[in-house]
Colleague: 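I'd like to ask you about the structure that follows.
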Amino acid sequence: MSETDTVDGTDQRVTTTGETSERVREAWSDYEFAGDAKLVVDDLDVYYGDERALQGVSLDVPDESVTALIGPSGCGKSTFLRCLNRMNDRIDSARVEGSVTLDGEEVYSDGVNLVELRKRIGMVFQEPNPFPKSIRDNISYGPRKHGDLDTGLLARLLGRDDTDDEEALVERVLRRAALWDEVKDRLDDNALGLSGGQQQRLCIARALAVDPDVILMDEPASALDPIATAKIEDLIEELAEDYTVVVVTHNMQQAARISDQTAVFLTGGELVEYGDTDQIFENPESQRVEDYITGKFG
Amino acid sequence: MSNATRNRIDGADSTAGDLLSRGVLATSVVVFFAAWTLLLQWVDETAAVGGVSALKLLGVGLVVVGVGLVVVGVGSRLGYVDTAPSKTAGVPVGVVFGLLWAAVGGLLGTLALGNAAVLWLPVAALFGLAGFLASVLPREDVGATVPGAVVLLLLGGFVAAGGVNAGWTWAPAWSSAVFPGSELVPILVVFATLLGAWCAGKANEGFGAEGRQAGAYYLVGAVVFAMLGVLALLVGFIVTNGLATMLTRASLAGGELTVPLVGVELPWPEFPFLTNPTGGLFVEVPGVLPAIIGTLWLVFGAVLFAVPLGIGAAVFLTEYAERGRLTQVVEVATNGLWSTPSIVFGLFGLAFLVPRISGGNAIFVGQLVLGFMLLPLVLITSREAILAVPDAHRDASAALGVTKWQTIRSVVLPAAMPGTITGVILGVGRIAGETAPLLLVFGGPPYPSTTPNVLGSFELTAQPPFVTNEALLSPASALPYQLYATITAGVFPKEIFTDTQFGWGTALVLLLVVVGLYAVGVGSRLYFRRKLHHE
């Protein structure tokens with residue numbers, strides 16, 4: 001997303017391949033998939049100040065599947081991801097135009113309750129970022145703040161505390177994140193004492209604890225070693241049974257391994273091609289995507 | 001790079017040179033400490049050790065160091081000692097030695113030609129230039145040792161030959177100050193041995209980059225030692241002077257504690273100086289209890305006032321306000337406020353707060369004024385601490401749908417707690433010992449016979465402000481205030497202590513109170529750190 005990355009290459013390619021890219025766009029715009037669309041993105045533009053980071057991206061994300069976003073650095077894939085749960089609101093210079101709907105509800109309308117939106121669209125970041133609290137507190141942080149779990153002193157004195165519910169929740173999401181067996185004996189230890197891979201799975205568990213429908217992951221394994229990466233990848237595939245997962249990755253093998261459909265962004269914040277992962281990697285419509293995937297470009 | 005110097009990797013293995021430079025280093029260290037014992041008066045300057053006066057021994061020590069350095073340096077140049085010197089000792093060494101030689105030249109010039117700058121200044125400049133060139137021009141092993149060693153030899157030789165003895169004084173014509181030899185010599189020797197240790201440290205590692213690294217190590221070590229020495233001297237002085245007063249008639253089991261309800265009396269430690277009021281008719285040992293309580297109330301009130309306000313302002317400035325002109329102005333203003341002299345705060349309290357709140361000196365006004373003084377530091381440090389909390393925590397919290405304020409309360413502030421507490425500790429250390437504003441807005445009779453009863457004086461009233469507290473609106477005594485009064489007024493009412501004795505006792509208690517407050521602060525900081533990190 002740095003300014004220098006987006007400028008070079010793009011203009012020249014757009015002009016030389018403008019006509020073909022138009023044809024390709026028509027081909028994949030009709031991408032059909034079985035099941036319902038969970039997220040529908042329509043003509044999304046993002047500007048950082050004067051610079052345009054996303055150019056008219058339209059994309060339907062199917063329910064209960066893994067969608068991978070790939071592309072070179074600075075192509076806008078992380079920006080796109082952060083638009084889905086409106087994390088770009090936190091950047092003062094960012095301006096978003098276009099439409100995103102979650103189950104038919106507009107995300108970018110004025111009356112949207114960000115708390116409810118982000119409860120339904122969870123997010124996992126590139127660097128594992130657990131809070132400097134105990135493992136248990138990390139998990140129950142979200143539900144406690146939303147008032148779904150009350151383990152405060154007053155509730156405990158009144159005998160109305162949800163300690164049992166909390167125990168159950170912590171065990172359930174930690175099992176779901178394949179972390180339970182490793183940490184069940186030290187739930188009260190500080191989460192910063194875990195290894196990088198464990199911390200990232202804890203972050204996934206923390207996101208699951210608020211019971212989202214969609215989980216966004218921004219290069220979740222790029223800071224991890226190969227073994228930890230493999231665990232995260234397995235986990236992502238499992239999560240897709242119940243959740244809609246959107247993963248940004250710069251690792252094409254990873255995208256090929258874990259995703260059901262793949263969107264390829266190229267420099268300039270342009271969505272070049274979107275389709276079944278197998279088709280994108282074996283037989284892409286666009287010459288630029290083929291160049292990127294075979295390593296000639298990017 | 002074809003003519004780059006190449007030395008053996010396994011250099012400086014000559015045992016003789018190694019032993020010699022180590023001997024020089026050890027001698028420097030010994031003489032350094034010996035000079036300190038003289039300076040601190042642990043050894044009298046007229047004392048004789050083995051029939052030779054202590055001052056002369058220092059001189060001999062310097063001569064030994066000087067000769068050793070010359071031998072090592074010249075030996076290395078002639079190839080008897082295996083070293084890896086650079087081509088030159090470098091300009092910094094040249095400047096140091098040049099300045100030393102300029103000082104020597106200035107002294108000699110004044111002695112020979114009299115006290116006119118026109119006459120001695122050129123001599124000093126000439127000597128300085130010579131010293132500089134003698135250090136810079138030869139190879140490092142000579143340049144970094146010999147010019148310094150000769151200065152040591154001159155000084156040591158002069159002292160050892162009896163040019164200076166304990167009764168000698170130096171009264172330079174350009175100043176009215178008189179320097180007695182008993183103090184001047186140890187001070188000069190301390191610095192001379194530092195110089196010797198620096199050179200010997202270099203020589204010990206065979207000069208070159210490694211030698212400079214070793215020399216710097218010894219210099220920095222000596223500076224740390226000197227700093228700790230000054231601190232220890234200060235604290236030791238207060239303790240030795242105040243301890244006798246503080247422990248007057250103290251005993252570990254002399255007192256009696258009556259257990260409530262049962263009525264059994266148990267032996268109990270007794271510290272009359274800490275537990276007695278200062279004035280009063282029937283007090284045998286006047287104590288500082290009212291002042292201790294006064295100081296604690298002041299600190300407590302100031303912290304209670306400044307910490308919530310300071311943290312609140314810091315949260316607003318870092319989390320809510322947009323970074324820009326406003327935050328910059330506030331930043332500059334708080335920095336300025338922190339360095340404002342305390343007497344100015346006192347004057348403000350006297351002119352503005354006193355007429356509006358109490359109509360006279362009062363604990364409450366003292367608390368407010370000290371709170372104003374504490375506020376900027378709390379603001380600055382908690383701002384820094386909040387800024388240091390990684391944005392990743394805020395992002396993670398926001399992505400869970402948690403609101404900004406909840407994030408601040410549950411994630412940002414706990415993570416910023418240790419830093420904030422550090423600021424409060426520093427500030428409390430300052431305000432607990434603050435005297436000037438207390439003179440204006442707080443102090444009552446310096447030797448009170450009762451302690452301020454703040455807790456017991458709260459009363460509800462029907463009219464505004466509905467709660468009154470007579471004790472908070474009355475003047476009281478605090479430790480630094482009482483110390484000031486004792487020393488300046490000098491009319492301490494009891495014969496058991498002199499003014500000075502009582503003053504030292506008060507100073508020691510003040511020191512202990514501040515250390516106690518520090519301990520509380522450091523303890524709570526540790527507690528929060530433990531919670532934040534896996535330890």
Colleague: Examine whether an atom of A/R206 lies under 4.5 Å from a heavy atom of chain B, and if so say whether it belongs to the side chain, the backbone or both; otherwise answer neither.
Modeller: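 For A/R206, backbone and side chain are both near chain B.
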Colleague: Only pairs of heavy atoms separated by less than 4.5 Å count here; which of B/G401, B/A415, B/P390 has the most with chain A?
Modeller: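 Heavy-atom pair counts peak at B/G401.
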Colleague: Measuring from atom CG of A/D137 to atom NZ of B/K531, what distance do you get when rounded to the nearest 0.5 angstrom?
Modeller: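 The CG atom of A/D137 sits 8.5 Å away from the NZ atom of B/K531.
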Colleague: So which heavy atom on A/L192 is nearest to which on B/L532, and how close?
Modeller: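 Reported closest heavy-atom pair: CD1-O, 3.7 Å.
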Colleague: Do A/M87 and B/D395 have side chains that approach each other closer than 4.5 Å (heavy atoms only, starting at C-beta)?
Modeller: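 Sidechains of B/D395 and A/M87: in contact.
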Colleague: More than 12 non-hydrogen atoms from neighbouring residues, nucleotides or ligands closer than 6.0 Å to CZ on B/F225, yes or no?
Modeller: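 More than 12 heavy atoms, drawn from other residues, nucleotides or ligands, come within 6.0 Å of this atom.
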Colleague: Tell me whether the count of non-hydrogen atoms from other residues, nucleotides or ligands lying under 6.0 Å of CD in B/E470 goes above 12.
Modeller: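 It does not: B/E470 CD has 12 such atoms or fewer within range.
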Colleague: Looking at B/Q406, B/K404, B/H393, which one has more heavy-atom pairs under 4.5 Å with chain A than the rest?
Modeller: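 Of B/Q406, B/K404, B/H393, B/H393 has the most heavy-atom pairs under 4.5 Å with chain A.
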Colleague: With distance as the sole test, does A/N129 use its side chain to make a donor-acceptor pair with the main-chain N or O of B/A392 at under 3.5 Å?
Modeller: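 The answer is yes, because a donor-acceptor pair under 3.5 Å joins these two groups.
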Colleague: For A/N113, look at atom CG and say whether over 12 heavy atoms of other residues, nucleotides or ligands are found less than 6.0 Å away.
Modeller: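 Yes - once you tally the heavy atoms of other residues, nucleotides and ligands closer than 6.0 Å, there are more than 12.
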Colleague: What is the distance from atom OG of B/S397 to atom CZ of A/F131, rounded to the nearest 0.5 Å?
Modeller: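 Between B/S397 OG and A/F131 CZ, I get 4.5 Å after rounding to 0.5 Å.
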Colleague: Please classify the contact between B/R409 and chain A as side chain, backbone, both or neither, with a heavy-atom cut-off of under 4.5 Å.
Modeller: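 Side chain of B/R409 only, per the 4.5 Å heavy-atom cut-off to chain A.
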Colleague: Between A/R118, A/K119, A/K133, who has the most heavy-atom pairs with chain B when the cutoff is under 4.5 Å?
Modeller: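 Sorted descending by pairs with chain B, the first entry is A/R118.
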Colleague: Give a yes or no on this: more than 12 heavy atoms of other residues, nucleotides or ligands lie within 6.0 Å of atom CZ of A/F125.
Modeller: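 Atom CZ in A/F125 is packed in, count exceeds 12.
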Colleague: Please report the interatomic distance OG(B/S410) to CZ(A/R144), rounded to the nearest 0.5 Å.
Modeller: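 Going from the OG atom of B/S410 to the CZ atom of A/R144 covers 9.5 Å.
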Colleague: Is it true that, when you exclude A/E105 itself, more than 12 heavy atoms of the residues, nucleotides or ligands shown sit nearer than 6.0 Å to its CD?
Modeller: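 Incorrect, the count does not exceed 12.
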Colleague: Is A/I121 close to chain B through its backbone or its side chain, or both, or neither, when contacts mean heavy atoms under 4.5 Å?
Modeller: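 The answer is the backbone of A/I121.
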Colleague: Using the side-chain contact (heavy atoms from CB on, under 4.5 Å) rule, take B/R530 and A/N190 through it: C-alpha gap first, then chi angles, then the decisive distance, then the call.
Modeller: CA-CA 9 Å; B/R530 285 265 160 76; A/N190 196 303; over 6 Å; no
Colleague: Can you check whether B/L400's main-chain N or O pairs, donor with acceptor, with A/K145's side chain at less than 3.5 Å?
Modeller: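 No: the side chain of A/K145 does not pair with the backbone of B/L400.
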Colleague: Heavy-atom cut-off 4.5 Å, strictly under: side chain, backbone, both or neither for A/P130 against chain B?
Modeller: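 Looking at A/P130, just its backbone touches chain B.
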